[in-house]
Amino acid sequence: MSFYAFAWVALGLASGPSVEAREAVAQLSPRWPACVAREGRVAVRPWDLKARSEVEVACEQLALGHAVLEATPERSLALAEGLLRKKGGLPDLWAQSAILAGRALVRLGRPDSAWEYFQRAQSRGVRPTGPRALYDFARAAQFTNHQTEALVALRAASTQMAFMSPSFRQGIYLEAGAISILENKLQPALGFLELARREPGAVEYRSLVRALLSTTLELLGKPEQARTVLSEIPDIWALTEGPLDPGFEPNRGRTLTPFLDPILAKTAAAVLLSTADPNASAELFEELRSDPKAPEILRKLAELKLRGANP
C-alpha cells in the first residue's frame with residue numbers, strides 16, 4: 001500500500017477523499033496553494049520544458065527547497081533566493097519564497113535574517129502553514145525576542161500534529177508551555193506541559209518537561225503536586241547538564257533541540273536542586289532574584305523560595 005493510500009485509509013477515506021479531507025491533509029504541509037493538485041489537471045512530462053507553466057516550475061523549485069531543508073539548508077536558501085529574484089505575474093510567489101528562505105536561515109543559525117523574511121512575507125498577507133513551518137517561524141521569533149508571536153505559531157502548530165512524531169509533538173507543547181510561563185499565563189502553561197508529559201518523546205526531554213511542569217505548579221502555589229512531578233525524574237543530577245545548565249546556549253542551527261529561555265532554564269534548575277543540593281539551588285535563586293531581565297513572576301518565586309516559603 002502506498003503512503004497516500006495508507007493516509008486515506010487512516011482518515012477513513014478509502015472510498016475517496018472529500019474536499020474537506022483534502023484541505024485537512026493540505027494543512028500538514030507548507031505547500032503554496034497554487035501548487036495543490038486539482039481534479040482534471042493533466043500531468044506534464046517533466047522533460048517537456050516548453051509545456052510547463054511558470055507556476056509549475058516555481059512549484060517544483062519550492063517543493064525541492066522544502067524537501068532538502070534538513071539535509072542541505074544552504075541549497076534551500078539558494079533556491080529561495082533564485083525565486084525571490086524572479087519577476088513575473090505570480091501573486092504570492094515572492095512571499096512563499098521568503099518563507100522558504102526564512103526556514104533555511106533558521107537552520108543556518110541566522111534567526112535575525114530569518115525573522116526579517118518571515119515578516120516581509122506576512123506584510124504581503126502570507127503566513128507559514130503546516131506544523132513544521134510554523135515551528136520554524138516560532139523558533140525565529142523566540143531567538144529575536146518576539147515571544148507573543150512565537151506562542152501564536154506554536155498554538156497553531158499544536159492543532160495540526162495528528163501525523164507528527166511524539167518527539168515533535170512533545171517539543172511543540174514544551175516550548176508553548178515555556179513561553180506561557182514567561183508571559184505569566186500559568187493555566188495555559190499547565191495545559192501544554194501536561195500534554196507534553198503524556199507524550200513518549202525523546203528520553204532526554206521527558207525530565208525537562210517535568211522540570212517545567214513542576215515549576216509551573218510551584219508558581220500556582222501547589223508545592224505538593226510539584227514535588228510529585230519531581231519524584232518522576234529518576235536522576236536529578238543528570239538534569240544539571242545540557243538544556244538545564246544555566247550556562248547552556250541552545251544551538252541556533254538545530255531545530256530538533258527544544259528552545260528554552262536561559263532565565264527559565266535557570267529557574268527550572270533551581271527548582272530541581274532545591275532538595276538534592278539546597279546550597280546550589282539557593283545560589284541560582286539568588287541570581288534569579290537580582291536579575292533585572294527576569295520576569296516579575298520568576299523573581300517573586302525566587303524571593304519566596306529563598307525565604308523557605310511556597311508561592
Side-chain angles (χ1 to χ4, degrees), residues 131-132 134-135 138-139 141-142 147 150-151 153-162 164-246 248-251 254-276 281 284 288 295 297-298 301 305 311:
R132 292 193 182 279
L134 285 166
Y135 180 65
R139 175 57 61 98
Q142 289 187 79
Q147 304 296 344
L151 184 55
L154 291 169
R155 281 175 173 166
S158 72
T159 67
Q160 304 174 22
M161 299 195 299
M164 309 306 291
S165 70
S167 293
F168 183 87
R169 294 196 300 266
Q170 185 186 65
I172 293 289
Y173 293 140
L174 187 158
E175 294 191 30
I179 296 176
S180 296
I181 293 173
L182 293 173
E183 297 204 342
N184 197 11
K185 298 175 180 177
L186 298 181
Q187 288 300 331
L190 188 64
F192 280 123
L193 294 170
E194 282 287 7
L195 288 170
R197 184 189 191 186
R198 299 170 191 170
E199 290 290 346
V203 173
E204 61 269 31
Y205 295 115
R206 294 178 195 168
S207 296
L208 177 55
V209 166
R210 284 161 175 75
L212 293 177
L213 180 56
S214 179
T215 299
T216 304
L217 290 166
E218 289 271 10
L219 292 168
L220 287 169
K222 300 179 179 180
E224 293 299 326
Q225 293 182 39
R227 282 192 286 272
T228 298
V229 171
L230 285 181
S231 70
E232 298 176 6
I233 301 174
D235 185 0
I236 196 169
W237 291 105
L239 296 175
T240 60
E241 301 177 359
L244 286 183
D245 181 348
F248 176 76
E249 288 291 337
N251 186 334
R254 286 199 61 197
T255 57
L256 296 180
T257 303
F259 176 86
L260 187 62
D261 182 272
I263 292 174
L264 189 56
K266 180 182 293 185
T267 305
V271 171
L272 282 167
L273 294 171
S274 59
T275 55
S281 176
L284 291 174
L288 184 64
I297 188 172
L298 296 183
L301 171 67
K305 296 297 284 187

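Only this structure's heavy atoms are used, side chains among them; waters, hydrogens and symmetry mates stay out. Residue numbers count from 1 along this sequence.
Using modelled atom types, no side-chain atom of Arg197 and backbone atom of Val209 make a donor-acceptor pair closer than 3.5 Å. Within the 3.5 Å criterion, the main-chain N or O of Ala211 finds no donor-acceptor partner in the side chain of Ser214. Proximity of a side-chain donor or acceptor of Ser281 to a complementary backbone N or O of Ala270 within less than 3.5 Å is detected.
Annotation: the span from Leu193 atom CG to Thr216 atom OG1 amounts to 5.0 Å, rounded to 0.5 Å. The distance from atom CG of Leu213 to atom CD of Gln225, rounded to the nearest 0.5 Å, is 9.0 Å.
Summarising the geometry of Ala157 relative to Leu134, their closest heavy-atom pair is N-CD1, 3.7 Å, with the distance given to 0.1 Å. Heavy atoms only, all atoms of each residue included: Pro131 and Phe168 are closest at O-CZ, 3.7 Å. Of all heavy-atom pairs spanning Leu260 and Leu208, the tightest one is CD2-CD1, 3.8 Å. Residues Ile179 and Ala150 come closest through the heavy atom pair CD1-CB, 3.7 Å. Here the closest heavy-atom approach between residue Leu264 and residue Leu298 is recorded as CD1-CD1, 4.3 Å. Considering all non-hydrogen atoms of both residues, Ala196 and Leu174 come closest at CB-N, 4.1 Å.
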Can Leu217 and Thr228 be said to form a side-chain contact (heavy atoms from CB on, under 4.5 Å), step by step? CA-CA 10 Å; Leu217 290 166; Thr228 298; over 6 Å; no

Does the side-chain contact (heavy atoms from CB on, under 4.5 Å) test come out yes or no for Val271 and Leu230, once each step is laid out? CA-CA 9 Å; Val271 171; Leu230 285 181; 4.3 Å; yes

Determine whether Leu220 and Gln187 satisfy the following criterion, side-chain contact (heavy atoms from CB on, under 4.5 Å), listing intermediate values before the conclusion. CA-CA 9 Å; Leu220 287 169; Gln187 288 300 331; 3.8 Å; yes

Residues Ile181, Thr267; criterion side-chain contact (heavy atoms from CB on, under 4.5 Å); working and verdict: CA-CA 11 Å; Ile181 293 173; Thr267 305; over 6 Å; no

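The closest side-chain heavy-atom distance from Pro295 to Asn184 is not below 4.5 Å. Within the 4.5 Å cutoff, the side chain of Leu151 has heavy atoms near those of the Lys185 side chain. When side chains are defined from C-beta on, Tyr135 does not count as touching Met164, because their heavy atoms never get closer than 4.5 Å. In this structure the side chain of Glu194 never reaches within 4.5 angstrom of the side chain of Tyr173, judged on heavy atoms.
Taking a cutoff of 4.0 Å between a charged side-chain nitrogen and a carboxylate oxygen, Glu175 and Arg139 qualify as a salt bridge.
Results of the side chain to side chain donor-acceptor pair (under 3.5 Å) test with Glu199 over Arg169, Arg206, Gln170 single out Arg169 as the only residue that passes.
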